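Structure record follows, encoded as structure tokens.
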Amino acid sequence: MTQSTAPRSAPEHRTVLLRGGDVHSPADPFATAMVVERGHVAWVGSEGAADAFAGAADEVVDLEGALVTPAFTDAHVHTTSTGLALTGLDLSGARGLVEALDLVRAFADGRPADAVLLGHGWDAARWPERQPPSRRELDEAAGGRALYLTRIDVHSAVVTTALLDRVPGVTAMSGYRADGPLTGDAHHAVRAAAHASVTVRQRADAQRAALRHAASLGIGTVHECGGPDISDEDDFTSLLALAGAEPGPRVLGLWAEQVEDEKGAARIRELGALGAAGDLFADGSLGSHTACLHEAYADAPHTGSAHLDAARIATHVAVCTEAGLQAGFHAIGDAAITAVVEGIRAAAERVGLARVRAARHRVEHAEMLTPKTIAAFAELGLTASVQPAFDAAWGGEDGMYARRLGAERAAGLNPYAALLRAGVPLAFGSDSPVTPLDPWGTVRAAAFHRNPEHRISVRAGFTAHTRGGWRAAGRDDAGILVPGAPADYAIWRTSELVVQAPDDRVARWSTDPRSGTPGLPDLSPDADLPVCLSTVVGGQTVYVRPNE
């Protein structure tokens with residue numbers, strides 16, 4: 001990919017012509033060129049017609065056969081935590097308990113004795129030992145330092161004695177275990193103590209690292225899911241300020257705090273949030289046995305934890321709807337999803353179904369759905385903000401889901417095809433750092449779901465990860481390369497473009513241009529994923545691959 005040496009002016013006033021590649025646009029399925037002007041797409045079309053724009057362009061980009069697509073939107077990210085995982089102790093690749101402890105030991109070596117160490121990503125369900133580190137093992141590996149180490153789902157953590165000593169009364173809190181992962185209030189308390197050790201500079205560095213990484217993957221927008229049980233207001237507002245001041249992906253903020261009146265709704269707006277949504281917890285996670293179920297876990301004698309009932313959900317949704325705010329909830333287990341549906345339906349009876357639908361409220365994760373709750377999502381106009389990488393990581397006959405729920409219940413998780421058939425809008429995300437920022441991998445995971453009944457086409461998955469995230473934020477004019485849309489796009493080096501279907505009973509892909517359907521990269525499990533060459537947000541380049 002080469003660019004002209006024309007003088008560069010302010011990004012918002014520059015006219016850029018991209019030509020000589022493939023432009024993924026419904027405006028022209030055979031487009032090879034695009035014009036960007038004042039931060040928006042001005043034209044898409046054929047190579048021959050591009051000649052008419054060349055003379056007036058401030059910059060001409062020769063794509064050299066590269067693919068141009070809308071930039072991805074990741075609809076569920078914890079940005080600071082992602083940056084801390086990128087720059088700190090990452091245990092997501094540990095293959096067992098011994099290796100995990102070795103990584104802790106190596107990370108702790110050379111750090112001050114009074115340092116608070118932060119780490120993430122252990123998953124004992126994948127380890128041969130099937131057990132997390134004990135407190136004694138962590139105390140030894142960390143050399144007596146304070147250590148906070150979250151499970152892959154971030155709904156539980158193991159910690160050292162030195163960190164517990166910083167939290168008075170923690171042993172009396174719900175979720176405390178003398179020698180096991182902490183959940184609930186105990187987990188929130190130790191997390192607050194650990195995060196309090198992060199300096200303003202460390203936090204900003206972590207945020208920049210996360211946003212740079214997102215840009216390098218063709219992500220132009222992230223939905224930051226903050227909240228009082230996850231981070232703090234300073235973290236949330238500082239991220240929004242940083243993203244607004246520096247080139248990089250857009251950050252749209254969701255603040256997960258329950259509101260009960262107009263004053264509470266006004267405070268959400270003052271924080272700069274689009275809504276009181278995101279990780280407003282109706283329950284926990286399956287991996288930590290805290291997702292709320294109608295029937296007990298297959299490997300534990302209880303049904304998890306319920307954090308909100310239908311009445312509180314109804315109040316929250318009604319107040320948000322009347323204030324013009326988006327509401328939303330974290331709900332994974334079938335009982336939690338039932339409570340959310342019942343609460344939102346009660347709110348609709350209070351303020352009107354049309355107003356509830358127009359507000360585009362959302363549910364994060366929404367894994368244990370039934371035909372009844374899927375129909376309710378469609379009726380209430382709810383967006384399902386989902387993470388296909390969860391199925392790739394934990395699905396299948398031998399996966400964590402099957403161990404937690406049994407094979408029959410696990411097979412019903414994450415039914416993306418059924419959601420689309422019912423008309424439920426999908427927005428794809430990663431829940432990073434729970435699963436990595438990986439947009440093409442996310443689309444692949446949906447197209448090749450471990451349960452073939454739940455698979456969707458690559459085209460549908462791509463739409464959910466681009467336009468779907470914008471629609472979830474109330475914008476229908478973005479996430480798509482058509483004249484007038486924001487110039488948020490990425491340029492990719494990839495193989496032949498195809499049109500992939502999710503069903504083995506029909507031809508899985510076609511390269512026939514007569515179909516009139518814009519092609520996308522082959523995302524078959526053995527195919528190489530596209531490589532991002534550059535990312536542009538609002539007409540401004542925020543990432544260029546080195547040596548390109």
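Residue indices begin at 1 and follow the sequence shown. Because the structure is predicted, anything quoted here is derived from the model rather than measured.
Contact annotation: the side chain of Asp438 never approaches that of Ser430 to less than 4.5 Å [non-hydrogen atoms, C-beta and beyond]. The shortest distance between side-chain heavy atoms of His223 and Val77 does not fall below 4.5 Å. Inter-residue side-chain proximity for Phe72 and Phe428 is flagged as unmet; no heavy-atom pair is nearer than 4.5 Å. Residues Phe329 and Glu364 have side chains not in contact (no heavy-atom distance under 4.5 Å, counting atoms from C-beta outward). Taking the side chain as every heavy atom from C-beta outward, Leu308 and Gln258 approach each other to under 4.5 Å. The closest side-chain heavy-atom distance from Pro530 to Trp440 is below 4.5 Å. In this structure, Thr183 and Arg177 have side chains that are not in contact, with every pair of non-hydrogen atoms separated by 4.5 Å or more. Between Thr87 and Asp205, the closest side-chain pair of non-hydrogen atoms is not below 4.5 Å.
For His365 and His76, the ring centers are positioned less than 6.0 Å apart. Taking the six-membered ring for Trp and the full ring otherwise, the centers of Phe462 and His24 sit less than 6.0 Å from each other.
For Glu379 (side chain) and Ala376 (main-chain N/O), no donor-acceptor pair under 3.5 Å exists by modelled atom type. Of the possible polar contacts, one joining the His78 side chain to the Cys225 backbone as a donor-acceptor pair under 3.5 Å is found. Using modelled atom types, no side-chain atom of Arg404 and backbone atom of Tyr297 make a donor-acceptor pair closer than 3.5 Å. Side chain of Ser25 to main chain of Leu481: a donor-acceptor pair is present (N/O by atom type, distance under 3.5 Å, no hydrogens or angles). Judged by distance alone, the side chain of Asp283 and the main-chain N or O of Ile332 form a donor-acceptor pair under 3.5 Å. Remark: the backbone N or O of Ser285 is not paired with any side-chain donor or acceptor of Ser288 at under 3.5 angstrom. Without hydrogens or angle criteria, His316 side chain to Ala276 main chain gives a donor-acceptor distance under 3.5 Å. Distance alone, capped at 3.5 Å, is enough to place a donor-acceptor pair between the Trp122 side chain and the Thr150 backbone. Counting only distance, with no hydrogens or angles, the side chain of Arg357 and the backbone of Ala378 share a donor-acceptor pair below 3.5 Å. Here the side chain of Arg455 pairs a donor or acceptor atom with the backbone of His449 at under 3.5 angstrom.
Of the N and O atoms on the side chains of Ser305 and Thr290, not one donor lies less than 3.5 Å from an acceptor on the other residue. Arg409 and His294 share no donor-acceptor pair across their side chains, judged by distance under 3.5 Å alone. If you check the side chains of Asp431 and Gln387, you find no donor sitting under 3.5 Å from an acceptor. Judged purely by distance below 3.5 Å, without hydrogens or angles, the side chains of Gln500 and Arg459 never pair a donor atom with an acceptor atom. Judged by distance alone, the side chains of His195 and Ser231 never bring a donor and an acceptor atom under 3.5 Å apart. Donor-acceptor pairing under 3.5 Å is lacking for the side chains of Thr315 and Glu260. With 3.5 Å as the limit, one finds no donor-acceptor pair spanning the side chains of His454 and Asp391.
No more than 12 heavy-atom neighbours from other residues, nucleotides or ligands sit within 6.0 angstrom of CD on Glu453.
Shown here for His40 and Gly484, the closest heavy-atom pair between the two residues is CD2-O, 3.3 Å. Closest approach of Ala327 to Ala277, counting heavy atoms only: C-CB, 3.6 Å. Taking every heavy atom of both residues into account, Thr535 and Cys532 meet most closely at OG1-SG, 3.3 Å. Arg475 and Pro486 get closest at one heavy-atom pair: NH2-CG, 3.6 Å. The minimum heavy-atom distance between Phe236 and Leu271, with the atom names listed, is CE2-O, 3.7 Å. Between Ile480 and Pro26, the shortest heavy-atom contact is CD1-CG, 3.4 Å.
The residue from Leu252, Thr221, Val222 that alone fulfils the side chain to side chain contact (heavy atoms under 4.5 Å, CB included) condition with Thr73 is Thr221. Screening Thr69, Asp74, Ile219, Leu529 against Pro439 for a side chain to side chain contact (heavy atoms under 4.5 Å, CB included) leaves a single residue, Ile219. The ring pair (Phe, Tyr, Trp, His ring centres under 6.0 Å) test with His155 singles out one residue from His187, His307, His330, His188, and that residue is His330.
A distance of 9.0 Å separates CG in Leu419 from CG in Asn414, rounded to the nearest 0.5 Å. Taking OH of Tyr401 as the reference point, atom CZ of Arg450 lies at 10.5 Å (rounded to 0.5 Å). To the nearest 0.5 Å, atoms OG (Ser457) and CG (Leu420) are separated by 8.0 Å. Distance check, rounded to the nearest 0.5 Å: CD of Gln326 to SG of Cys320 gives 9.0 Å. Here Tyr148 contributes atom OH and Leu182 contributes atom CG; the two are 9.0 Å apart, rounded to the nearest 0.5 Å. To the nearest 0.5 Å, atom CG of residue Leu280 and atom CZ of residue Arg312 are 8.5 Å apart.
Between Arg208 and Glu246 a salt bridge is recorded (basic side-chain N to carboxylate O distance below 4.0 Å). Using a cutoff of 4.0 Å between basic side-chain nitrogens and carboxylate oxygens, Asp488 and Arg250 are scored as salt-bridged. By the 4.0 Å N-to-carboxylate-O rule, Asp261 lies too far from Lys263 to be salt-bridged with it. One finds a salt bridge joining Asp123 and Arg126 here, because a Lys/Arg side-chain nitrogen approaches an Asp/Glu carboxylate oxygen to under 4.0 Å. In summary, Glu233 and Arg267 engage in a salt bridge, as defined by a charged side-chain N under 4.0 Å from a carboxylate O.
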**Report entry** Phe281 vs Ile230, side chain to side chain contact (heavy atoms under 4.5 Å, CB included): CA-CA, chis, key distance, verdict
**Finding:** CA-CA 10 Å; Phe281 295 118; Ile230 302 165; 4.1 Å; yes
Requested in this report: Evaluate side chain to side chain contact (heavy atoms under 4.5 Å, CB included) for Glu257 paired with Asp229, printing each intermediate quantity in order.
Outcome: CA-CA 9 Å; Glu257 185 169 351; Asp229 289 334; over 6 Å; no
Query - Steps toward side chain to side chain contact (heavy atoms under 4.5 Å, CB included) verdict (Arg471, Thr383) - result: CA-CA 9 Å; Arg471 284 173 167 167; Thr383 295; over 6 Å; no
Query raised in the report: What do the steps show when you test Thr82 against Gln207 for side chain to side chain contact (heavy atoms under 4.5 Å, CB included), and what is the final call?
Result: CA-CA 8 Å; Thr82 297; Gln207 291 168 348; over 6 Å; no
